[in-house]
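Just so you know, these numbers come straight off a predicted model, no measurement behind them. All chains are named by letter (A, B, ...) in the order of the sequence lines, taking the proteins before the strands, and each is independently numbered beginning at 1. The analysis underlying the following values was restricted to heavy atoms, covering all of them including side chains, and did not include hydrogens, waters or symmetry mates.
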2 protein chains.
Amino acid sequence: MPYESLRTYINQYSGSELTDEEFARILEACTPRKYRKKQYLLQAGEVCKYVAFVISGAFRMYSVDDKGVEHILHLSIENWWVADRESALMLTPSRYNIDAVEDSEVLLFTSEKMQDLVATVPAMPKMMARLDQRNFIASQKRLHASISLTAEERYLELLNNNPVFLQRFPQNMIASYLGVTPETLSRIRKKALQK
Amino acid sequence: MPYESLRTYINQYSGSELTDEEFARILEACTPRKYRKKQYLLQAGEVCKYVAFVISGAFRMYSVDDKGVEHILHLSIENWWVADRESALMLTPSRYNIDAVEDSEVLLFTSEKMQDLVATVPAMPKMMARLDQRNFIASQKRLHASISLTAEERYLELLNNNPVFLQRFPQNMIASYLGVTPETLSRIRKKALQK
DNA sequence: AAAAAGAGTTGATTAATATCAAGCGGAGTT
DNA sequence: AACTCCGCTTGATATTAATCAACTCTTTTT
């Protein structure tokens with residue numbers, strides 16, 4: 001079957017095994033779609049209609065402030081979910097943009113289909129609960145970093161926890177993700193290398 | 001029955017109505033406890049064993065850095081839950097302290113009892129899912145603020161979204177919650193008043 | 001009642017990071 | 001192949017917020 005990575009993901013996060021029939025139902029509920037580099041999956045002002053599972057490629061979710069500066073809130077690569085869950089849940093227009101950083105392939109689930117699946121496939125609510133917990137923990141960690149650490153410490157923490165990101169995304173995006181300017185990140189790295 | 005505020009809370013967040021029997025079971029599963037001002041509910045290094053529902057009073061959750069500076073991650077007042085969920089879920093020692101900011105009364109649930117309730121009272125998983133979602137959205141908002149806004153903008157946002165906190169907690173705690181020093185917050189407020 | 005501790009303000013100085021500006025080199029486009 | 005754009009670096013300067021220090025006013029403790 002195609003998209004085995006989604007199956008593996010759900011099995012892993014739900015702590016159970018999907019039957020072939022269940023997995024087939026999940027695949028029926030979603031739509032595969034490709035995005036070219038720089039193509040939008042969500043634009044600020046729209047309500048987020050889809051939750052996307054990344055099969056391959058990479059995405060970023062970011063806001064743009066009054067001065068036109070982008071602030072990246074989330075980075076996602078294959079085997080991650082992408083969406084503005086606030087907008088999707090509350091049905092409010094999103095403040096964020098989501099676009100492809102590389103040519104990518106995703107599976108799109110509308111919120112309704114996703115709710116159906118959560119109601120009918122036992123593994124799904126387990127996976128969702130687990131996912132929400134992980135999301136919460138991750139954003140609490142980043143909040144802690146952002147409140148109590150210096151730019152350099154935040155960079156080193158990212159280097160430890162998500163080295164993949166550093167290889168996968170250009171440095172200016174990493175800078176934005178860390179909440180510093182590209183110049184500052186460049187200097188931080190120079191300093192870190194000297195040690 | 002006592003502790004009606006918990007019942008109201010669960011009804012509201014689950015979108016259903018607890019029966020008297022269900023609510024009685026919930027009350028049996030927890031332990032009421034009082035905390036004096038400054039008393040710890042959790043100390044850094046311990047595994048967080050309880051999830052607490054605040055009946056009255058106020059708590060803060062914070063880390064202490066190498067220089068001894070406190071960084072407040074969460075503030076909670078009556079009708080909020082308090083716990084380090086990361087520690088409680090992962091069973092890892094917490095990096096955070098939780099202590100009472102005022103004399104307070106809470107209901108303590110051990111993680112096991114909470115899991116029992118989630119498994120046996122239908123309203124509970126609904127409430128938990130809703131709570132996780134809200135927590136995630138709230139921490140994403142704060143993360144966004146902390147990455148893209150200046151200290152002054154963050155203060156004004158708090159003034160809009162959680163004016164209660166400003167009345168309830170001393171200014172140095174608000175400063176820590178916003179990620180600035182008390183001196184800086186004092187100057188920000190002075191400036192904001194002049195307008 | 002006196003003393004001590006805590007909370008907030010204000011001023012002077014320092015440190016961290018942003019901003020502005022210039023230049024380099026590679027990737028993609030025509 | 002030439003050209004343009006983009007990502008990255010480096011330097012000089014400006015801005016923001018932290019730090020250090022002093023002082024006032026409450027609140028708490030003795």
Rounded distance (Å) that lies between atom [atom2] of [N] and atom [atom1] of [X]:
{"X": "I188(A)", "N": "dT9(D)", "atom1": "CD1", "atom2": "P", "result": "12 Å"}
{"X": "E102(A)", "N": "dA27(C)", "atom1": "CD", "atom2": "P", "result": "16 Å"}
{"X": "E183(A)", "N": "dG23(C)", "atom1": "CD", "atom2": "P", "result": "16 Å"}
{"X": "E153(A)", "N": "dA18(D)", "atom1": "CD", "atom2": "C1'", "result": "14 Å"}
{"X": "I72(A)", "N": "dG7(D)", "atom1": "CD1", "atom2": "P", "result": "11 Å"}
{"X": "K191(B)", "N": "dT15(D)", "atom1": "NZ", "atom2": "P", "result": "13 Å"}
{"X": "E152(B)", "N": "dA17(D)", "atom1": "CD", "atom2": "C1'", "result": "13 Å"}
{"X": "M173(B)", "N": "dA7(C)", "atom1": "CE", "atom2": "C1'", "result": "11 Å"}

task: For residues H74(A) and Y96(A), establish whether the separation of their ring centroids is below 6.0 Å.
output: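 No; Y96(A) has its ring centre 6.0 Å or more from that of H74(A).
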
task: Would you please indicate yes or no on a ring centroid separation below 6.0 angstrom for Y50(B) and F109(B)?
output: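 Judged by ring-centre distance (under 6.0 Å), F109(B) and Y50(B) do not meet the cut-off.
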
query: Between the side-chain atoms of Q171(A) and the base atoms of dC6(D), is any donor-acceptor pair under 3.5 Å?
result: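 Under the 3.5 Å cut-off, the side chain and the base do not form any donor-acceptor pair.
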
query: Does R187(B) make a side-chain donor-acceptor contact with the base of dG8(C), cut-off 3.5 Å?
result: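 No such pair is found, so the answer is no.
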
- request: Please determine if R168(A) forms a cation-pi arrangement with F165(A), meaning its NZ or CZ atom is less than 6.0 Å from the six-membered ring centre and no more than 45° off the ring axis.
  value: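 Here R168(A) fails the 6.0 Å and 45° test against F165(A).
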
Does the side chain of [X] get closer than 4.0 angstrom to OP1 or OP2 of [N] through an N or O atom?
{"X": "K190(A)", "N": "dT9(D)", "result": "no"}
{"X": "N172(A)", "N": "dC8(D)", "result": "yes"}
{"X": "T181(B)", "N": "dA18(D)", "result": "yes"}

field: Any E105(B) side-chain heavy atom under 4.5 Å of E78(B) side chain
entry: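 In short, these two side chains do not touch, never coming nearer than 4.5 Å.
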
query: Any idea which of dT9(D), dA17(D), dG8(C) is nearest the S186(A) side chain?
result: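 Nearest to the side-chain atoms of S186(A), counting from C-beta on, is dT9(D).
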
message: Taking the minimum atom-to-atom distance to the side chain of K38(B), which one of dT10(C), dG6(C), dA18(C) wins?
response: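 Closest of the options to the side chain of K38(B): dG6(C).
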
- request: Would you kindly say whether S5(A) and T8(A) are connected by a side-chain donor-acceptor distance under 3.5 Å?
  value: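 No, no side-chain donor-acceptor pair sits under 3.5 Å.
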
5' precedence on DNA chain D between L185(B) and K37(B) (nearest-nucleotide basis):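 On the 5' side of the pair lies L185(B).
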
